[in-house]
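Please read the structure below before turning to the comments.
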Number of protein chains: 4
Amino acid sequence: MPERKGRPNLGPAAADQNRSALVSAARRIYARHGHEVPFNTIAKEAGVGQGSLYRHFPNRIALAMAVFEENFLELEELAREHAADPRCFELVFARLVRQCVDSLGFIGIIASAGRDFPLDATIGRLAAVLTGPLDRAQREGLLRDTLTIDDLLLILRMLYGTLSHGVPGDAGPTVLAQRVLDLVGLPVRVADPPPG
Amino acid sequence: MPERKGRPNLGPAAADQNRSALVSAARRIYARHGHEVPFNTIAKEAGVGQGSLYRHFPNRIALAMAVFEENFLELEELAREHAADPRCFELVFARLVRQCVDSLGFIGIIASAGRDFPLDATIGRLAAVLTGPLDRAQREGLLRDTLTIDDLLLILRMLYGTLSHGVPGDAGPTVLAQRVLDLVGLPVRVADPPPG
Amino acid sequence: MPERKGRPNLGPAAADQNRSALVSAARRIYARHGHEVPFNTIAKEAGVGQGSLYRHFPNRIALAMAVFEENFLELEELAREHAADPRCFELVFARLVRQCVDSLGFIGIIASAGRDFPLDATIGRLAAVLTGPLDRAQREGLLRDTLTIDDLLLILRMLYGTLSHGVPGDAGPTVLAQRVLDLVGLPVRVADPPPG
Amino acid sequence: MPERKGRPNLGPAAADQNRSALVSAARRIYARHGHEVPFNTIAKEAGVGQGSLYRHFPNRIALAMAVFEENFLELEELAREHAADPRCFELVFARLVRQCVDSLGFIGIIASAGRDFPLDATIGRLAAVLTGPLDRAQREGLLRDTLTIDDLLLILRMLYGTLSHGVPGDAGPTVLAQRVLDLVGLPVRVADPPPG
DNA sequence: GATGAATGAGCGTTCATTCAT
DNA sequence: TATGAATGAACGCTCATTCAT
């Protein structure tokens with residue numbers, strides 16, 4: 001007489017559903033409570049057993065990587081689509097900032113992983129998406145010539161660092177991000193968050 | 001059945017020594033491991049019992065406050081001494097940046113205290129030290145007129161945010177801080193850390 | 001790095017077993033050492049991890065409540081069964097006294113919870129079980145008319161108070177309880193404890 | 001340059017003062033918070049160093065004993081003064097009840113000392129004070145003949161037990177004590193507490 | 001594959017007791 | 001003798017991780 005109570009066991013069929021439920025639960029939870037919530041909070045929010053969480057993502061880093069993968073794909077596609085557009089840089093960077101704002105928790109996981117996580121590949125991939133658009137923007141005279149990829153990476157880090165420490169009376173993260181970009185003199189307009 | 005062996009009890013005379021031993025142990029530990037180390041790691045590093053740690057600093061925030069108090073006094077004295085100097089702003093801000101670099105862990109404590117710690121007084125005090133020097137520097141034409149106190153506070157936050165998430169292959173924090181200042185266009189030269 | 005050796009994990013199937021093991025361990029431990037033993041002594045006695053103790057009973061009060069619930073059900077059933085019996089009061093009250101003797105530790109938890117535990121509902125439920133039998137016994141002339149429900153509650157409190165402070169050379173609790181009842185002139189005979 | 005701060009060290013002269021300050025601080029504290037307050041709370045309330053507390057009373061039991069000694073002297077004197085009075089029992093017992101109400105905390109110390117404290121001597125002394133008055137009262141027909149010294153001791157225990165577990169909405173202890181005495185049929189009127 | 005109970009190491013904190021001054 | 005700082009064992013509780021079903 002199995003399955004007496006609790007969530008029904010839907011069997012293997014539910015695997016994919018569970019996986020995405022976990023990712024979006026993580027987005028919600030991390031946005032609300034930061035990345036230091038007990039790991040199984042996410043399982044609960046996703047309506048999934050704790051074992052399933054561990055099966056899909058053996059640790060927090062794996063979860064973050066999954067989100068980054070989505071983010072990268074989106075970014076790379078955007079860059080490809082607008083390769084010919086002189087304003088490509090602004091488009092891509094604005095989207096990147098948007099992602100950064102939306103994925104604070106996942107970045108936080110990586111940030112606090114320290115040497116447990118080799119950052120090089122991720123940074124390389126980020127540099128790769130940005131290089132083309134940056135060059136182009138500089139050739140068009142839309143961006144000062146002295147700005148390097150490393151500067152952009154540092155700016156991203158500043159952005160994350162600034163946003164990651166919420167303060168009671170803060171302006172919303174979008175507004176704050178815009179102020180940061182303005183202060184470093186980057187002519188990029190942060191888009192509003194997607195509705196929902 | 002306490003105190004059977006181990007550390008000798010040096011008596012009340014050691015109180016002040018212990019207090020400063022705790023503060024400097026905290027500086028060391030936080031610099032090496034971030035502000036999330038178990039609290040009593042600090043007691044161990046200071047060579048002091050856990051109870052003494054709690055006697056001197058009933059919680060992490062109290063420890064941070066003690067350090068901030070020292071920092072503020074130093075800053076306020078510096079501002080007073082150089083009130084007449086046109087380069088006062090640079091001196092004070094450079095020192096502030098230095099303190100920020102050296103006190104990352106303590107700032108981290110406050111940053112993660114959230115609503116448990118009323119930030120207003122601290123921010124007000126910071127604004128108060130900076131206002132005079134900022135005005136003066138702008139009158140002297142050493143700083144662009146559009147820069148507000150709020151911008152400075154945001155820059156400090158960016159600075160802290162950037163430094164607070166150490167990354168394996170990082171340049172030293174001093175170098176990183178300098179790059180941040182350069183990126184936001186603040187003509188301030190970060191001093192080298194005091195030896196020792 | 002949990003669960004490297006030691007107790008085997010018997011899986012969820014053991015949940016119910018564990019729960020009752022905890023309750024009966026608590027009965028044993030509280031009887032032997034009073035309700036102020038470290039909470040996880042009970043886990044150890046039950047042969048169960050500390051986490052399981054907290055899963056089943058998030059705090060001492062929850063443990064006491066579980067026992068009271070059992071006790072109340074027993075009492076209410078007894079009252080129902082013997083509703084027609086003129087000696088119903090004696091039966092019910094004797095059982096109640098028996099429970100009181102056997103559950104001293106759990107009562108102690110509640111008694112020391114102070115304002116953390118709203119006693120009203122529990123007292124109300126107790127009053128409810130006793131009212132019918134009391135009336136009946138008075139109508140039958142088996143009990144003096146002046147005795148109120150409040151008196152009964154006070155007697156119970158006296159009983160608990162008396163038993164709760166064990167004294168080295170004490171007579172057994174059953175004997176002591178009987179002496180208390182005799183002193184207050186309640187014609188109730190305390191049953192012997194159930195064997196085992 | 002001794003005595004830089006804090007309470008002045010008055011030297012040996014203050015010994016007696018300190019001792020009584022400690023006892024009356026203990027009365028206040030125990031009345032307000034029960035006997036489980038941290039031991040040095042009493043030193044603080046007395047305005048005395050923690051070392052002095054331990055010098056005068058090496059443990060809680062010693063403190064309780066000191067109070068009991070006072071109580072016994074008072075009781076014995078009262079019994080002696082009124083030896084000829086037929087109402088001696090009532091006087092003495094009422095006073096005893098009053099002491100019991102006022103010294104709940106100290107009794108609690110003893111009650112929770114278990115086997116660490118040999119109760120026999122204390123009980124013997126109590127029995128000794130009560131025997132004469134009890135006999136006399138029975139001879140006078142003021143008390144039922146069946147009442148033994150052991151009954152009286154049990155009544156005291158019931159009294160303490162009842163009062164020791166405060167309950168949020170309780171009537172004052174004096175009122176409660178009276179109800180207990182009435183329930184056990186002891187014709188004794190509990191005096192009001194001494195003012196102050 | 002999914003479920004969720006079980007495990008126990010580890011951190012924060014308190015407090016009894018000691019002891020240099 | 002008085003003072004009060006120092007010590008560290010012990011408890012409450014959380015949560016990462018494992019594993020029987």
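So that the names make sense, note that chain A is the first sequence line, chain B the second, and so on, each numbered from 1. Predicted model, so just to flag it, every value in this text is computed and none were measured.
For the pair C/S52 and E/dT7, the criterion of a side-chain N or O lying under 4.0 Å from OP1 or OP2 is met. Between E/dA6 and C/N18, a contact under 4.0 Å exists linking OP1 or OP2 to a side-chain N or O.
Between A/P38 and A/G51, it is A/P38 whose nearest contact on DNA chain F lies nearer the 5' terminus. When each of B/L53 and C/E36 is assigned the nucleotide of DNA chain F bearing its nearest heavy atom, the one mapping closer to the 5' terminus is B/L53.
Judged by distance alone, with hydrogens and angles left aside, B/Q50 brings no side-chain donor or acceptor close enough to the base of F/dT7 to form a pair under 3.5 Å.
Whole-Å rounding puts the D/I109 CD1 to E/dA16 C1' distance at 14 Å. Here the P atom of nucleotide F/dT3 and the NZ atom of D/K44 are 14 Å apart, to the nearest Å. In this structure, CG of C/N40 is placed 18 Å from P of F/dC15, rounded to the nearest angstrom. With rounding to whole Å, A/H33 atom NE2 is found 13 Å from F/dC15 atom P. We find that CZ of A/F39 is positioned 12 Å from P of F/dT18, with the value rounded to whole Å. The CG atom of B/D16 sits 14 Å away from the C1' atom of F/dA6 (whole-angstrom rounding). Atom CG of D/L63 is separated from atom C1' of E/dT17 by 16 Å (rounded to the nearest Å). The distance between atom CG of D/L22 and atom P of F/dT1, rounded to the nearest whole Å, is 15 Å.
Note that NE2 of B/H35 and CD1 of B/I29 are 14.5 Å apart. Values are rounded to the nearest 0.5 Å. A distance of 6.0 Å separates CD1 in A/I110 from CE in A/M65, rounded to the nearest 0.5 Å. How far CD1 of B/I42 is from CD of B/E45: 9.0 Å, rounded to the nearest 0.5 Å.
The stretch residues 54-62 of chain C touches DNA chain E through C/R55, C/H56, each having a heavy atom within less than 4.0 Å of the strand.
Open room surrounds CZ on C/R115; 12 or fewer heavy atoms of other groups in view lie less than 6.0 Å from it.
Base pairing analysis places E/dA20 opposite F/dT3; the two distances defining the Watson-Crick or G-U wobble pair are each below 3.5 Å. Partner assigned to F/dA9 is E/dT14, using Watson-Crick or G-U wobble distances below 3.5 angstrom.
Using cut-offs of 30° and 60° on the angle between ring planes, the pair B/Y160 and A/H165 is tilted.
The six-membered or imidazole ring of C/F106 lies away from that of C/F68, with a centre-to-centre distance of 6.0 Å or more.
For the residue pair A/R27 and A/S103, the shortest heavy atom distance occurs at NH1-OG, 3.8 Å.
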